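To start, the structure under review is shown below, and the notes come after it.
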Amino acid sequence: MNALHMARTAYSAPTQAQTRTPRATEYAAFARITARLKAADAAGRRNFPALVAAIHDNRKLWTMLAADVADGENGLPPALRARIFYLFEFTTHHSREVLNGRADTGPLVEINTAVMRGLEKSETVS
């Protein structure tokens, strides 16, 4: 590609980025990480680095959620905040079990998928 062509294509693309709601952003993060967990599980132990990376990113996502619901300024109902924090604790423990070869990613995928369904429903209700 030459510079002229690159300039034309750069300026011909829409310049405004799509605006996502916070729930849509959360959904996209869960969807991306869940897809990676599924792919790593399908590859099995032969692609252990991909599994480690997917587990790491899933833990980071759940850690951010836990920090958010632990904040006293969080607007979610206390019971929902407690359930989300419990899921953080479960995913942390289960992730360790997966990495040690004593469990599979199935429960992590199921939890993330359930959260995605909830985010999707709340987006259509809003």
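One is the number of the first residue; the rest follow in order along the sequence. The structure presented is a predicted model; accordingly, all values stated were derived computationally and were not measured.
Every residue meeting the salt bridge (Lys or Arg N to Asp or Glu O under 4.0 Å) condition with D57, not counting sequence neighbours, appears here in chain and number order: R36, K60. Applying the side-chain hydrogen bond (donor to acceptor under 3.5 Å, both in side chains) rule to T34 yields the partners N112; only residues at least two apart in sequence or on another chain are considered. Applying the side chain to side chain contact (heavy atoms under 4.5 Å, CB included) criterion to A82, with sequence neighbours excluded, gives no partner residue. Under the side chain to side chain contact (heavy atoms under 4.5 Å, CB included) criterion, L87 pairs with W62, I111, not counting sequence neighbours. In this structure, F48 has no ring-ring contact (aromatic ring centres under 6.0 Å, His included) partners at least two apart in sequence or on a different chain. Scanning for side chain to side chain contact (heavy atoms under 4.5 Å, CB included) contacts around R117 gives T113, A114, with sequence neighbours left out. With sequence neighbours left out, the side-chain hydrogen bond (donor to acceptor under 3.5 Å, both in side chains) criterion links N47 to no other residue.
Looking at every heavy atom in both residues, L76 comes nearest to N74 through N-OD1, 2.7 Å.
In this structure, OG1 in T105 is found 9.5 Å from CD in E110, a value given to the nearest 0.5 Å. The structure places CG of L65 at 6.0 Å from CD of E26, a figure rounded to the nearest 0.5 Å. Here M116 contributes atom CE and Y27 contributes atom OH; the two are 4.0 Å apart, rounded to the nearest 0.5 Å. Note: K121 NZ to R23 CZ = 13.5 Å, rounded to the nearest 0.5 Å.
For the side-chain contact (heavy atoms from CB on, under 4.5 Å) with D41, the lone residue among L108, L51, V109, D104 that qualifies is D104.
Between Y86 and T91 the shortest side-chain heavy-atom distance does not fall below 4.5 Å.
Each salt bridge (charged side-chain N to carboxylate O under 4.0 Å, His left out) pair with one or both residues in residues 78-100, not counting sequence neighbours, appears once here: E97-R102. Residue pairs meeting the salt bridge (charged side-chain N to carboxylate O under 4.0 Å, His left out) criterion with at least one partner in residues 68-77, sequence neighbours excluded, do not occur; the list is empty. Listed by first and then second residue, the ring-ring contact (aromatic ring centres under 6.0 Å, His included) pairs that reach into residues 87-119 are F85-F88, F90-H94, sequence neighbours excluded.
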